[in-house]
Every structure is written in C-alpha cells, then in structure tokens.
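As structure tokens, the structure follows; a few thoughts come after it.
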Amino acid sequence: MMIVNKLTNMVRPGTVAVVGASSKQGKIGHTVLNNIISCGYKGKIYPINPKETEIEGIQAYQSVADLPEPIDLAVIAVPASLVPGVVEDCGRIGVKYLVIITAGFKEIGAEGLEMEKKIIETCREHGMRLLGPNVVGFIDTHTPINASFAATFPQKGEIAFLSQSGAMLVAILDWSLSSGLGFSKVVSLGNKADLSEIDFIEDAADDPNTKVILCYIEDIVDGPRFLDVASRAACKKPVIVIKSGTSQAGAQAASSHTGALAGSDLAYDVAFRQCGVIRARSMTELFNLAVAFARSPVPAGKKVAIITNSGGPGIIATDNVENYGLQMARFTKDTIDALRGTLPVEANVYNPVDVLGDAKADRYRFALQKVCADPNVDSVVVLMCPTGVTQPVETSQAILEAKKAYPEKPILAAYMGGETLARGSAMLAEGGVPCFTFPEPAISCISGLVRYNEMLQKQEEAAAQMSRIDQKGAKAVFYDVIKDNRLVLLGSEAAEVANCYGIPVAPTVLATTPEEAALEADKMGYPVVMKVASPKILHKTDVGGVIVGLKNSDEVRRAYLEIMDNVYGYMPQAVVYGVEVQKMMPKGTELIIGMTKDIQFGPLVGFGLGGIYVNLLKDVSFRLARGLTSGEVEKMLQETKAYTLLRGYRGEKPRDIAALTDVILRVAALVNDFPEITEMDINPVFAYEEGLSALDIKITIS
Ligand code: COA
C-alpha cells in the first residue's frame, strides 16, 4: 500500500469525520465537532455516534463503516479500547489521515504500547497517516480547520507551532490571544506513533503561509532524518526549537570527546547547531524569537546601534550586545557630525546614542533617521524610560516611520515601564516592531537573527566548497565491492573513492603482475611502497606483505615476487588480488581523520593526532557529519592538542589548516552521501605546509 507523504491534504481536508462526536456539552467529542464547525471550516463534516442521528444540526452516522464516501480526515475521540476497531473501519473505507485524541497508549505502559503498535500496523496496511495518539489535535488558521479540543482558536499568522506537550500548546494558544501573536498552524504531536515534528517541519518549510517554525520537543526519534529535514527547512525559513529534559546528569554522561553523544543534551546542542536550527533556552525566548523572525528582516551583520533616553539602560544594552556576541556599531563621521549638530550638547552622539531624559519624539525621530541611514549599522534598538516629557505614542510613530524607510534593518524596542508606555508599545506591536519591557530580550532576538544569517551564509559556502565531487564514481566502486561479495574495500578501491570526493590521497594502484607493478611505479615516480592486496590479511606487515622504499622498476618487480612468496609461505589459503603500489610521500605531521556512528544522529567525523601516540593521548574530537561547516571544523580542530602543532610549534612552520578543513568536510560529505559506510579511517594523513596527503584509507560498508 502506498504511503501518503504530503501533509497538505491533512491540514486542508475536503471531508472530516469526528468519531465519538457528542451532543453533550463538556465532552471532548462535543468540543471537537463544535471547533470544526465554529472555525469556519468549509468542507463536509460527518459526526459519528452509534446513538445519534443528528448532532449540531448535522446528520450523524452510527459508525465509520456507514459513511457514504471515502474521507480525508477522521478525528477520533472514543475510549482507548474502541480505537483499534475504529481505525480498522477507517482503513477499510479509505480514510487518508487520522488524528487520535484518545489517551491511554504507549504513555501508560506495555498494554497501551501493544495497542499503539496494532494501530500503526493497521495504518501502514491501509496507507493511512496518523497524528497521535494522545493529542489535542491540530489547527490550520488559513484553511481554516480546528481539529482539536483546544479552548481557543488563534489569530491567523505566520508562525507554525509544533508541540510535543498538549498542555503547553493550549496554554500558548490562550496567551496568544492577548499577546497579538498569530499562527499559521498549530500541531499537538502527542505520542508521535507515526507523524512527528519531522513531518510537520518538512511540511511547514514548503508552506507559503508559514514564515517561522517553532517546536517544543522532548525527544527526537529519528535523528538522521531530523538532521536531514531540519537542515533543508532551516535554509528556507528559521526553525526555532526548545528541547526540554536538559538535565545535568545527561550532559555529564556524554562528551563530544567520546563520540558517544546519543540522547545527551550535548548531542541535541551539536545536532541543532549543525543543522542550522536555533535553540531557545526558555519558552519566553522561543516566542520572542518567533516574533522577531516573523516581523523583522534578517540583518546583514552583527553591528547594533542603540538609541536611548537614559544612561543606565544604554549601558545594560551595551553589555548585552557584547554578551550575545554582537558588536556595537561605530558610526561614520557624517552620522556623528549630524547628531552633534542637532542634539543638545549634553547628548552622547556615539553609540549608544543618548537623546537625554527630556527627549520628545522629535529627537528620537532625528536620531533614528541618522542612525538607520548609517552604512555601519545593521540593526537598531530603541530604549525608552517614561519621564514627564516623553511622548511614547509619537515616538512609536517615529519608529514605525523608520521601519518603513529602512525595511532591510531590524528595529526593536524596549519600553521600560508600564501604564505610561502601554499605548506606545501596543502601537509598535501592531506595526510589526517587537517591543519588550527590558533591553535584554531585544538584544537576544537580534543575536538570533544574526546567528540565522550566519548559518545561511555558511551553508552557501559549504555548498560552493563541495564542488568537484563525483558521487557516481564512488557509487560504482562500492557496487563492484559488493558484487565481489566483500564489505571491506581494498586500499586501491578506497583511494579511488577518496579521489572521487576530492580527498588528496597518495597515488595507489593495484597491480596483478610484477610487470604491471613496475609500469605503474614508473608512472607515479619513485620511491614507492608495495603492499599485498587481500581482504583476508589484516596485518600485512606480519606476513611480510609490505616492502618500502623501492627506488626503481627492478626493485619493484623483485618486491612483487618476494611479497607473493612471503604471503603464501605464511597463509597458503589466502585469496590474494595482487600487490598495491603506492607512491611514498614525504613525511608530514601525522594526523587521523575517521568516522564513527552515533546511534541517535548518525555519522560523526573525528579528527586527531596520528602516529604512535594516538592511543596514549586520545587526542580526538568529533562532530556530526550532517551539516558540518568550516566554522564547526575550525572549532573541532581547536579542541585538540594537535591544533598547537598544526599552527607551528616551537619555530616549526604551520601546517595547511585550510586544506585539512576541506578534507574533513569532504569526508563528512562522503559519509553523508553513503549511509552504507559503517567505518572509515584515514590513518595516517600527512599534513604539510602546503596541502596534505592521505596514505592509508580503510572503508567498511554494510
Ligand atoms: N464510534 C463512534 N462513537 C462512539 C463509538 C464508536 N464506535 N463508541 C462510542 N462512541 C461515542 C459514545 O457513545 C460517546 O458519545 P455520547 O457522548 O453521545 O455518549 C462518545 O463516543 C465518547 O465516548 P465516551 O465513552 O463517552 O468517552 P469519553 O468522552 O468519556 O472519553 C476520550 C473519550 C477520548 C475523551 C477519553 O478516552 C480520553 O482519552 N481522554 C483523554 C484525552 C486526552 O487527554 N488527550 C491528550 C491530550 S494532550
């Protein structure tokens, strides 16, 4: 049975059945039906109740099996024990999507889990997609549909909110009415037996009505798919996540140095950062960021200007700018001269601009015009404390004019006070200028906007860097290996794969006769090393399978025969494919680049010092391969002691860190493109002043 993938039809159904629809006030089945009717849903509604013929003036049916047509969506609110039977009926009549509001499944233990599994089986059998069980339901304000038992229907807006907690969702909906926040859709994820945040992020990324995606999640079930979907979504629009359960114990249990990240808070941190998801640390920050992203442009850079009517808050905001990794803008001479020419002599014309406590709207207006026009300013924060002469409403007017005149620069405000400023701040909220009570959230929002912009730029860079990749070529090598009934690649095959991905590797070729070996060695130049090529021989040196330092074709021919003699002497039964000829490379700083798998988020790329001390020093650091950027690689390198060596220790010349970064990114691209790679190690990699060279590459596939 084909599985339906697009969720568009789920949130825009033509027909909806409410199973367990009730005429009794106060019952969930009553609320759901009423919510669908009262939100203005335009499709056909089918209430299902064995005891009723009509509910809320709409013809009711005794069971799903009696419905006159296959329907798009069934919302189920009958007791848990009845749910499997209802789901069976839905499958039989061709329902496409289910929302199971009923609780009492996986969350109550083994018995519930069994029932949930059975429901999923039925859904798979009939190609139905399921939201739930144990959900409040979902809302799409643009359809409109309210397939939930929430008490409120939110305002139409551009925020998609996905929540694993139903309680959190209804609380936010209620609060949104007074805060003026609008939503495109709101989804309660519940037990995520089938559809999860991943499916809805994917859907919201392509939804023209959604500008910002917000998630409250407690866990991620399919880590690799989350990374894949979220990183693609984050390139289209901001994805902001709050993840609960960030306990200290979890964070301590894992470290990025062990490569075992799974389940820990750190794993989520790394995963979110690398796929470009913005992580909010509190519910307040989540919604502040949502407002900022929905209403403000993304600034070109991190230079912030502050305009204030009092010194203290200006200093606090300046501190925040620094703490959030932003910069105070340095105004041009023109701006400073203009401000000095018009503002009172006591005013501070440098950043933060202090228009003084007696400032009326005109001073704010003038300062805003000059500061917004300054090319060194990327975003502006306006602070106001209420004095007897401040003009909150008129100042808000000036801010809204500036927003209109400079639509590419975010302008945020902090009106520090209560009653006196209420009308002014409401005007700003309505006009699309995020306004807070204190400076900190305003600066934190700008930091979120800036981080998002930096992420987009890095993704673009990474895509540009990853040119020169021949995925098909690598695929052909893996195909041949599997056809040959092997899982471990020969050195020459691994070198070919590396070549396809632009990883500089010492020339390595398989020869099957002494003559061929001599010919290849002539081509690549001397000296060369020769190694027996056999999938069965792991420790080649121990069986006399490696001879180094061969300087001419005669030595190569002799070495070929000697290696064959040695190997057959030690292991007469070994299957030998020939002898690999590899160009000997000048010695460089010995490094290791490897790959391991995190059970939750998939491939991790590791980097560390190579050579004989590798086990002693355990000098390695890891990052998730998915979404790895040059900035992240730089941090990863800095975490190791090897970094000191690479930068040139005690008078040594520095190694080519840019080339190393490029190779690590290419290894990440390779293991991302081929999930069948279960192990990969490049040991050693020689790093030089210019460039580097991979010598021994081991790749195992499944
Ligand atoms: N098809 C359609 N309707 C059926 C039915 C069937 N096979 N079998 C029974 N019904 C009707 C009932 O007759 C009843 O209608 P009535 O009010 O006219 O009598 C209605 O479905 C509901 O059944 P009832 O037995 O009264 O259940 P309930 O309303 O007390 O509870 C749930 C049902 C789903 C609300 C409850 O089981 C539940 O799960 N509550 C928790 C929900 C929750 O918290 N979800 C998670 C949020 S985060």
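Everything numeric in this text was worked out from a predicted model, so none of it was measured. Just so you know, ligand 1 is whichever comes first in the structure, and atom 1 is the first atom listed for that ligand.
Near Gly20, meaning under 4.0 Å from one of its heavy atoms, ligand 1 places the atoms 2 (C), 3 (N), 20 (C), 21 (O). Counting atoms of ligand 1 from 1 in the listed order, those under 4.0 Å from a heavy atom of Thr102 are 34 (C), 37 (O), 39 (O). Atoms of ligand 1 lying under 4.0 Å from at least one heavy atom of Pro79, given by number and element, are 23 (O), 24 (P), 25 (O), 27 (O), 33 (C), 37 (O). For ligand 1, the atoms lying closer than 4.0 Å to a non-hydrogen atom of Ala77 are 22 (C), 33 (C), 34 (C).
The shortest contact between atom 41 (C) of ligand 1 and any protein heavy atom is with Ala103 CB, 3.9 Å. In terms of protein heavy atoms, atom 7 (N) of ligand 1 is closest to Val86 CG2, 4.0 Å. When hydrogens are left out, the protein atom nearest atom 6 (C) of ligand 1 is Val78 CG1, 4.1 Å; that is the closest non-hydrogen contact. The shortest contact between atom 13 (O) of ligand 1 and any protein heavy atom is with Lys51 CE, 3.2 Å. Counting only heavy atoms of the protein, atom 46 (C) of ligand 1 lies nearest to Asn134 OD1, 3.1 Å. Scanning all protein heavy atoms for the shortest distance to atom 15 (O) of ligand 1 gives Asn49 ND2, 3.1 Å. The single protein non-hydrogen atom nearest to atom 10 (N) of ligand 1 is Pro50 CD, 3.7 Å, given as residue, atom name and distance. Scanning the protein heavy atoms around atom 45 (N) of ligand 1, the nearest turns out to be Ile101 O, 3.0 Å.
Which of Val19, Ile100, Leu82 comes nearest to atom 8 (N) of ligand 1 through a heavy atom is settled by distance: it is Leu82. Taking only non-hydrogen atoms, the option from Gln62, Gln25, Lys24, Lys27 nearest to atom 14 (C) of ligand 1 is Lys27.
For the 3.5 Å distance criterion, the side chains of Asn323 and Glu440 fail to qualify, holding no donor opposite an acceptor.
Remark: atom 31 (O) of ligand 1 lies closer than 4.0 Å to no protein heavy atom. Atom 36 (C) of ligand 1 is never approached by the protein to below 4.0 angstrom, counting heavy atoms only.
Residues Phe161 and Phe287 place their aromatic rings such that the two centres sit under 6.0 Å apart.
No option in Leu214, Val241, Ile172 other than Leu214 meets the side chain to side chain contact (heavy atoms under 4.5 Å, CB included) test with Leu286. For the side chain to side chain contact (heavy atoms under 4.5 Å, CB included) criterion with Val11, the lone passing option out of Asn209, Leu73, Asp140, Ile139 is Asp140.
Electrostatic pairing of Lys185 and Asp207 counts as a salt bridge here, judged by a charged N lying under 4.0 Å from a carboxylate O. No salt bridge links Glu69 with Lys44; every basic N to acidic carboxylate O contact stays at or beyond 4.0 Å. Between Asp199 and Arg225 there is a salt bridge, with a side-chain nitrogen of the basic residue lying less than 4.0 Å from a carboxylate oxygen of the acidic one. Salt-bridge formation is not detected for the pair Lys117/Glu121: no Lys NZ or Arg NE/NH1/NH2 atom is positioned less than 4.0 Å from an Asp or Glu carboxylate oxygen. Salt bridge absent: Lys243 and Asp269 never bring a charged side-chain N and a carboxylate O closer than 4.0 Å.
Proximity of Ile28 to ligand 1, defined as any heavy-atom pair under 4.0 Å, is confined to the side chain (atoms from C-beta onward). Looking at His30 against ligand 1, nothing comes within 4.0 Å, counting heavy atoms.
Smallest separation of non-hydrogen atoms from Thr210 and Ile213: CG2-CG1, 4.1 Å.
Annotation: side-chain contact (heavy atoms from CB on, under 4.5 Å) contacts of Glu285 (sequence neighbours excluded): Ala280, Arg281, Ser282, Leu289, Ser444, Arg451.
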